[in-house]
Amino acid sequence: MISRNIIRPLVLFAALSSIGGMACAAPVKIALIETLSGPQASTGNTYRDAARYEVDRLNAEGGWNGEPIKLLEYDNQGTPSGAADKLKTAIADGAQLVIQGASSAIAGQLSEDIRKYDIRNPGKELLFVNVGAEAMDLTGAKCHFHSFRFISNAQVKIKALVAAMKAANVLGTRVYSINQNYSWGADVQQAIEDNAANGGYEVVGKTLHDVNKIQDFSPYVAKIAATHPDTVITGNWSNDLLLLMKAARSGGLKVRFATTYMDQPGNLANAGSVALGAYVVHPFDAEAGGKKSEAFSEAFKAKVGHYPVFVEPQTVFAVKMVGAALKRVKPENGKLNVNKLALAIEQTKVETPMGEWSMRAADHQVLLPLVVSVVSKDAKFKVDGTDMGFIPVKLLTADEAATPAQTTCKMKRPS
């Protein structure tokens with residue numbers, strides 16, 4: 001016969017074990033599938049630094065359901081095929097969310113692969129957290145329920161850039177368009193043409209060139225100079241913007257640059273005096289949000305080693321938004337229900353130093369404030385070890401910056 005003194009502890013232990021099992025849940029795993037080597041690595045590494053920063057902050061607040069969020073990192077080597085391979089590895093490693101930003105071509109591959117995987121694996125869905133790829137199709141014809149874009153698109157950015165420069169009387173009447181020859185570059189070129197009437201300018205020339213393959217932009221600079229533009233508008237990023245600015249400096253090109261990525265590290269150092277007076281449209285300027293933006297900038301620098309620039313702020317705010325949505329989703333059978341997380345993201349709003357971010361349910365396009373800034377020596381926060389930085393010219397609210405959802409998005413939602 002077993003003593004009652006033995007039975008009681010056993011029953012108590014079983015009850016506590018049951019309660020503990022109900023409370024515990026498998027940690028959320030986020031796969032960063034980014035370009036961490038090759039010509040675009042400088043961009044990929046900024047996405048990684050920002051994702052690490054915000055995941056660490058979320059874990060300091062308790063992670064998800066008391067478990068630390070795990071950030072898994074994979075190098076896609078700058079190619080869609082490399083990203084496809086790393087996605088398979090991430091799935092095998094138990095990832096439930098995928099973060100990526102550098103290149104719309106890579107984002108298109110990941111988004112479609114995730115869409116197909118989710119159809120084949122109900123109950124084991126993945127979520128795509130797009131923090132930088134801005135091709136229109138991603139929230140248009142190729143939109144789907146498990147894909148969220150946490151950055152704007154070409155129409156939104158060029159609309160804001162043109163409006164702010166026209167209001168400042170610095171746009172001129174002759175514009176040259178130079179962009180990378182893929183979905184994002186084509187979208188920017190189209191947006192430049194679409195905004196010509198509102199901007200009061202003529203597109204005097206346009207170029208689409210190979211992506212991250214050109215080592216000398218001097219012939220392109222000569223072609224631009226021959227059209228005598230007032231402003232060159234470009235959506236170039238990574239080496240293609242760095243080398244374009246370098247060639248413009250060497251060639252003595254006397255135009256005003258209007259860009260979407262002038263704040264990429266290295267650009268001001270490469271361009272030198274050519275960058276003065278250049279404009280950029282971006283989600284964050286350390287001077288635009290007063291004490292809030294300055295506090296965020298100092299906190300980021302204390303952890304990462306530099307002030308947040310380029311794609312870093314948008315990545316931080318995107319992961320913050322996902323983290324806020326995670327807090328609203330309880331574990332089911334010890335795991336995260338990705339479909340419920342997607343629904344929670346649609347209802348989540350977060351405050352950033354620039355203003356409120358929210359997610360449009362119709363196409364999973366984030367609605368975010370944008371700021372248009374100009375390169376100046378009077379900037380408080382200097383960049384690239386130069387005497388230059390970015391001074392905000394116009395801050396647009398999320399409503400002011402937004403463009404309508406594309407009619408091509410026919411999102412199928414879970415039943």
Side-chain angles (χ1 to χ4, degrees), residues 28-38 40-41 43-44 47-48 51 69-151 153 180 182-184 186-187 211-212 311 315 318-319 322 325 335-343 345-346 359 363-366 406 408-414:
V28 171
K29 294 182 180 180
I30 302 176
L32 177 94
I33 303 179
E34 197 46 83
T35 305
L36 305 177
S37 63
Q40 300 174 34
T43 298
Y47 284 114
R48 179 177 64 180
I69 298 168
K70 293 188 177 181
L71 184 65
L72 314 177
E73 299 175 1
Y74 306 88
D75 181 9
N76 64 41
Q77 299 178 318
T79 66
S81 60
D85 288 340
K86 291 301 188 289
L87 177 62
K88 295 174 184 176
T89 304
I91 292 171
D93 291 341
Q96 295 147 296
L97 289 81
V98 174
I99 294 180
Q100 182 268 340
S103 171
S104 290
I106 292 174
Q109 178 76 54
L110 287 172
S111 181
E112 181 62 9
D113 286 352
I114 288 171
R115 184 187 71 82
K116 291 177 179 177
Y117 174 86
D118 289 348
I119 291 172
R120 296 192 304 266
N121 297 274
K124 298 180 180 180
E125 290 86 359
L126 298 173
L127 205 65
F128 183 39
V129 179
N130 172 5
V131 293
E134 298 177 89
M136 297 293 291
D137 271 356
L138 294 172
T139 49
K142 297 180 181 178
C143 75
H144 62 89
F145 180 73
H146 295 103
S147 177
F148 289 84
R149 173 152 61 198
F150 291 87
I151 186 56
N153 58 46
Q180 296 152 315
Y182 78 116
S183 53
W184 162 247
D187 286 345
V211 182
N212 283 310
V311 299
T315 304
V319 179
V322 172
K335 295 182 180 180
L336 172 67
N337 184 318
V338 170
N339 285 343
K340 288 189 176 180
L341 174 60
L343 292 171
I345 293 174
E346 291 182 346
M359 183 61 63
D363 58 352
H364 288 182
Q365 168 66 55
V366 75
Q406 299 172 73
T408 51
C409 177
K410 310 294 184 183
M411 187 178 295
K412 296 180 180 179
R413 308 174 69 82

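What's counted below: heavy atoms across the whole structure, side chains too, no hydrogens, waters or symmetry copies. What you are looking at is a predicted structure, and each value in this text was computed from that prediction instead of being measured.
Taking H364 as the reference, F145, F148 meet the ring-ring contact (aromatic ring centres under 6.0 Å, His included) condition, with sequence neighbours excluded. The side-chain hydrogen bond (donor to acceptor under 3.5 Å, both in side chains) search around E112 returns R115, not counting sequence neighbours.
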For side-chain contact (heavy atoms from CB on, under 4.5 Å), just list the numbers for Q96 and V28, CA-CA rounded to whole Å, side-chain angles, deciding distance to a tenth of an Å, and then say yes or no. CA-CA 7 Å; Q96 295 147 296; V28 171; 4.2 Å; yes

Go through N153 and D187 one step at a time and tell me if the side-chain contact (heavy atoms from CB on, under 4.5 Å) criterion holds. CA-CA 8 Å; N153 58 46; D187 286 345; over 6 Å; no

Start with the C-alpha distance between L87 and Y117, add both sets of side-chain angles, then the distance that settles side-chain contact (heavy atoms from CB on, under 4.5 Å), and finish with yes or no. CA-CA 10 Å; L87 177 62; Y117 174 86; over 6 Å; no

Determine whether L97 and L341 satisfy the following criterion, side-chain contact (heavy atoms from CB on, under 4.5 Å), listing intermediate values before the conclusion. CA-CA 10 Å; L97 289 81; L341 174 60; 3.9 Å; yes

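The closest side-chain heavy-atom distance from Q406 to D363 is not below 4.5 Å. For the pair K88/D113, no side-chain contact is recorded, criterion being any heavy-atom separation below 4.5 Å from C-beta on.
Separation of atoms CG (D118) and CG (N339) is listed at 8.0 Å; rounding is to 0.5 Å. Note: L126 CG to I91 CD1 = 5.0 Å, rounded to the nearest 0.5 Å. In this structure, CD on Q40 lies 8.5 Å from CD on E34, to the nearest 0.5 angstrom. Of the inter-residue distances, the one linking T35 atom OG1 with R48 atom CZ reads 11.5 Å to the nearest 0.5 angstrom. Here the CD atom belonging to Q100 is positioned 8.5 Å from the CD1 atom belonging to I33, to the nearest 0.5 angstrom. For the atom pair CD (E73) and CD1 (I30), the distance works out to 11.5 Å, reported to the nearest 0.5 Å.
Looking at H144, its side chain does come within 3.5 Å of a backbone N or O of S111 through a donor-acceptor pair. Counting only distance, with no hydrogens or angles, the side chain of K29 and the backbone of D93 share a donor-acceptor pair below 3.5 Å. Judged by distance alone, with hydrogens and angles left aside, the side-chain atoms of N76 form no donor-acceptor pair with the main-chain N or O of G82 at under 3.5 Å. In this structure, T315 contributes its side chain and V311 its backbone to a donor-acceptor pair below 3.5 Å. N130 contributes a side-chain N or O that, together with a main-chain N or O of G132, makes up a donor-acceptor pair within less than 3.5 Å. For the pair Q109 (side chain) and A107 (backbone), a donor-acceptor distance under 3.5 Å is absent. Formation of a donor-acceptor pair under 3.5 Å by the N337 side chain with backbone atoms of K340 is found in this model.
Here the shortest heavy-atom pairing between S104 and W184 reads OG-CB, 4.0 Å. Closest heavy-atom contact between Y74 and L72: OH-CD1, 3.4 Å. Of all non-hydrogen atoms in Q180 and V211, the two that sit nearest each other are CB-CG2, 3.7 Å. Of all heavy-atom pairs spanning D75 and S37, the tightest one is OD2-OG, 2.6 Å. Residues I345 and A325 approach most closely at CG1-CB, 3.6 Å, considering heavy atoms. In plain terms, the two heavy atoms of I151 and R149 that are nearest each other are O-CG, 3.1 Å.
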